[in-house]
Amino acid sequence: MRRIALISDHASPLATLGGVDGGGQNVYVGQLARHLVARGDRVDIFTRRDAGNLPDIVPWGEGGRVIHVPAGPAGRVRKEELLPYMGEFIEFVLRHCRRRPYDLVHANFFLSALVAAEVKRVVETPFVVTFHALGRVRRLHQGGADAFPEERLAIEDRAVREADRIIAECPQDEDDLHILYGADPARIRTVPCGFDPDEFRPLSKPLARAMLGLDGHGPILLQLGRMVPRKGVDNVIRGLALLRNGSGIPARLLIVGGESSTPDPRLTPEIGRLMAIAEREGVADAVTFVGSRGRDALNAYYSAADVFITTPWYEPFGITPLEAMACGTPVVGSAVGGIRSTVQDGRTGYLVPPEDPPALAARLADLLGDPERLRAFGRRAVHVARSRYTWARVAESVSAVYEELIPSHYSGCARAWANRSTSSARPAFRPETPGIRPSS
Ligand SMILES: CC(=O)N[C@H]1[C@@H](OP(=O)(O)OP(=O)(O)OC[C@H]2O[C@@H](n3ccc(=O)[nH]c3=O)[C@H](O)[C@@H]2O)O[C@H](CO)[C@@H](O)[C@@H]1O
Ligand SMILES: O=P([O-])([O-])O[C@@H]1[C@@H](O)[C@H](O)[C@@H](O)[C@H](O)[C@@H]1O
């Protein structure tokens with residue numbers, strides 16, 4: 001039985017999703033852990049305690065645990081401001097490793113990669129990293145709006161140098177790692193993200209719409225995800241205006257996501273910005289801001305929609321288009337990142353340039369004007385999603401990556417450490433990265 005530590009500094013599988021900091025990484029870590037545990041691993045997820053009332057440990061399936069790490073205030077801290085608290089995080093994880101070692105650490109995001117690199121330096125546990133988002137790519141697209149500290153890039157460079165394996169989520173992510181970070185291709189493995197068939201399956205549209213209390217006529221378009229400018233929701237609203245005015249199709253747009261379950265521009269400024277754009281474009285009546293929704297409500301939203309739209313500026317993978325496909329809903333998405341692999345242009349949906357409302361409107365008009373094509377795309381989408389992208393398959397591939405580092409017969413690192421830890425020579429944690437401090 002392998003002992004795996006999954007580090008996910010700011011993205012807990014227990015968090016509410018749809019706000020600025022809660023989305024794909026939370027889902028990834030939670031699903032990966034569940035499926036690894038189902039395959040027989042012991043998995044501890046280390047994530048920062050971001051509320052005072054959280055238990056120290058929460059069970060996560062049979063053999064899994066979410067461990068809340070006291071690092072910084074027990075309240076919300078923006079991920080951009082977390083670096084100074086990572087010293088406490090590292091020391092906490094090291095204490096766990098010393099009590100009972102892990103065979104492998106899997107870090108998620110650059111802050112967690114810093115933890116994994118320190119753990120490797122001190123107790124020699126190998127590590128795998130999935131970045132989920134890369135600092136240089138973010139800088140390229142967000143420029144001055146990127147508020148992460150300068151140290152992020154050096155930490156990512158170090159993680160790329162020191163990780164035993166790096167998981168890329170799509171060919172574009174692989175290229176970014178190689179070209180922007182000089183990552184050694186021999187240590188990169190490309191494994192996509194997934195969806196859970198227990199959460200997402202096609203429901204009939206009338207049933208799904210009745211479940212959500214949606215009435216009225218006209219096609220329904222859906223946008224669902226974290227409410228941040230780089231998701232390009234403004235372009236979806238502009239595309240909707242062009243569609244309604246140009247082709248006369250009376251489509252409506254539902255926008256799911258935000259910091260709270262009712263849309264509140266004070267809590268989610270991006271919603272306020274989008275509301276103003278809908279007003280200016282003359283489509284405020286055709287756009288419904290729903291707020292964030294829990295996992296159990298999403299199947300109905302995806303199934304109720306005629307088309308799912310996602311037009312981010314960039315996307316390391318993009319889980320939402322997959323979830324839509326699994327519900328039999330065709331996707332019109334930006335031709336960027338992982339969306340280029342999941343959406344088969346002209347077979348399960350269409351790919352459009354990222355910031356191009358006229359191209360989006362034209363594709364929507366094409367699709368909505370041809371109900372037979374919509375149905376055929378939807379059927380193929382379910383097939384593609386189910387045959388290639390379940391979390392069970394993802395976990396199998398990730399497990400194979402671990403296997404390269406921990407042989408199945410388990411001669412293991414953990415055992416080596418257990419023998420060695422009887423010696424008194426235990427190296428101490430010395431933060432090498434500027435900007436962090438040890439807690440004591
Ligand atoms: C820039 C960036 O870093 N993007 C990546 C980020 O996910 P990011 O959070 O940007 O977006 P994704 O679309 O991948 O995932 C969003 C997730 O949040 C869920 N959700 C959203 C709104 C809501 O109200 N309720 C809810 O449950 C969605 O169902 C989905 O499962 O990590 C993912 C996993 O590595 C990648 O696929 C993304 O490419
Ligand atoms: O888009 P971005 O803000 O750079 O980075 C994001 C994280 O902050 C978010 O918490 C996580 O869920 C996403 O997977 C992604 O990694």
Side-chain angles (χ1 to χ4, degrees), residues 8-13 15-32 47-48 50 78-80 82 108-112 129-142 145-148 152 156 167-170 172-173 176 191-196 199-200 222-233 254-263 268 271 289-299 301-302 308 310-324 326-327 331 333-334 336-342 389 391 394 398:
S8 183
D9 50 87
H10 70 285
S12 165
T16 309
L17 308 184
V20 174
D21 286 347
Q25 183 178 322
N26 310 61
V27 173
Y28 181 100
V29 169
Q31 287 284 354
L32 179 60
T47 192
R48 202 182 74 83
D50 59 6
R78 292 168 67 223
K79 60 184 184 277
E80 286 87 343
L82 280 178
N108 294 271
F109 209 58
F110 80 99
L111 292 166
S112 307
V129 59
T130 308
F131 284 104
H132 298 278
L134 288 167
R136 288 200 174 94
V137 176
R138 198 176 211 259
R139 280 275 155 94
L140 223 52
H141 291 273
Q142 303 196 13
D146 174 15
F148 273 104
R152 175 173 184 172
E156 288 179 342
I167 294 186
E169 297 187 342
C170 70
Q172 166 87 63
D173 200 19
D176 290 342
V191 181
C193 295
F195 79 97
D196 182 347
E199 278 181 338
F200 300 108
L222 175 69
Q223 150 75 46
L224 186 155
R226 285 188 297 130
M227 286 290 118
V228 286
R230 64 158 208 79
K231 289 288 183 186
V233 186
L254 302 182
I255 300 181
V256 177
E259 302 291 338
S260 54
S261 57
T262 48
T268 315
I271 289 187
F289 291 89
V290 175
S292 66
R293 285 293 176 268
R295 307 296 295 168
D296 52 353
L298 300 187
N299 199 170
Y301 279 98
Y302 284 120
F308 180 73
T310 180
T311 56
W313 307 341
Y314 64 97
E315 198 66 270
F317 185 76
I319 295 174
T320 55
L322 258 193
E323 294 173 344
C327 296
V331 178
S334 296
V336 298
I339 303 173
R340 282 194 295 177
S341 312
T342 47
Y389 294 107
W391 282 116
V394 172
V398 171

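Whatever order the structure lists ligands and atoms in, that order sets their numbers, starting from 1.
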Q: Based purely on interatomic distance, does K79 place a nitrogen or oxygen under 3.5 Å from a nitrogen or oxygen of ligand 2?
A: yes
Q: Taking only heavy atoms of A133 into account, list the atoms of ligand 2 that are under 4.0 Å away from them.
A: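 Close to A133: 4 (O), 5 (O), 16 (O).
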Q: Got the closest protein heavy atom to atom 4 (O) of ligand 2, with its distance?
A: R138 NE, 2.9 Å
Q: Which protein non-hydrogen atom lies closest to atom 7 (C) of ligand 2, naming both residue and atom, and how far is it?
A: H10 NE2, 3.5 Å
Q: Angle class for the H132/Y28 ring planes (parallel below 30°, perpendicular above 60°, tilted otherwise)?
A: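 If you compare the ring of H132 with that of Y28, the planes turn out perpendicular.
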Q: Which of the atoms of ligand 2 are close to N26, meaning less than 4.0 Å from one of its heavy atoms?
A: 12 (O)
Q: What does the 4.0 Å heavy-atom contact list look like for ligand 1?
A: L17, G18, G23, G24, Q25, V27, H132, A133, E169, C193, L224, G225, R226, R230, K231, V256, G257, S292, R293, R295, L298, Y302, Y314, E315, P316, F317, G318, I319, T320, E323
Q: Taking all heavy atoms of S292 and all of G18, pick out the closest pair and write down the distance.
A: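 Scanning both residues completely, I find the closest heavy atoms to be CB-CA, 4.4 Å.
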Q: Do any nitrogen or oxygen atoms of A11 lie less than 3.5 angstrom from nitrogen or oxygen atoms of ligand 2?
A: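 In this structure, A11 places no N or O atom under 3.5 Å from an N or O of ligand 2.
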Q: Kindly compute the distance separating CZ (R293) from CG (N299), expressed to the nearest 0.5 Å.
A: 15.0 Å
Q: Does W313 reach the side chain of S334, with side-chain heavy atoms less than 4.5 Å apart?
A: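 No, their side chains stay 4.5 Å or more apart.
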Q: Looking only at non-hydrogen atoms, which of K231, H132, R230 approaches atom 16 (O) of ligand 2 most closely?
A: H132
Q: What protein heavy atom is closest to atom 1 (O) of ligand 2, reported as residue, atom name and distance in Å?
A: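 Checking every protein heavy atom, the shortest distance to atom 1 (O) of ligand 2 gives R226 NH2, 2.9 Å.
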Q: Got a list of side-chain donor-acceptor pairs under 3.5 Å for residues 255-263, not counting sequence neighbours?
A:
from	atom 1	to	atom 2	distance (Å)
E259	OE2	V20	N	2.6
S260	OG	T262	O	2.7

Q: Would you say that E169 contacts F131 through its side chain, given a criterion of any heavy-atom pair below 4.5 Å between the two side chains?
A: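 When only atoms from C-beta onward are counted, F131 and E169 do not touch, as no gap falls below 4.5 Å.
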Q: Find the distance between OG1 (T310) and CD (Q223) and round it off to the nearest 0.5 Å.
A: 5.5 Å
Q: To the nearest 0.5 Å, what is the distance between CD (Q172) and CZ (R340)?
A: 5.0 Å
Q: Looking only at protein heavy atoms, which one is nearest to atom 14 (O) of ligand 2, and how far off is it?
A: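 Looking only at protein heavy atoms, the one closest to atom 14 (O) of ligand 2 is Q25 N, 2.9 Å.
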Q: Please name the residue in the list D21, D146, D50 that meets the salt bridge (charged side-chain N to carboxylate O under 4.0 Å, His left out) test with K79.
A: D21
Q: Of the non-hydrogen atoms in T320 and L224, which two are nearest, and what is the gap between them?
A: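 It is CG2-O, 3.4 Å.
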Q: Is it the case that Y302 and E199 place a side-chain donor and acceptor less than 3.5 Å from each other?
A: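 Side chains of Y302 and E199: no pair found under 3.5 Å.
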Q: What protein heavy atom is closest to atom 10 (O) of ligand 2, reported as residue, atom name and distance in Å?
A: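 Here the nearest protein heavy atom works out to D21 O, 2.6 Å.
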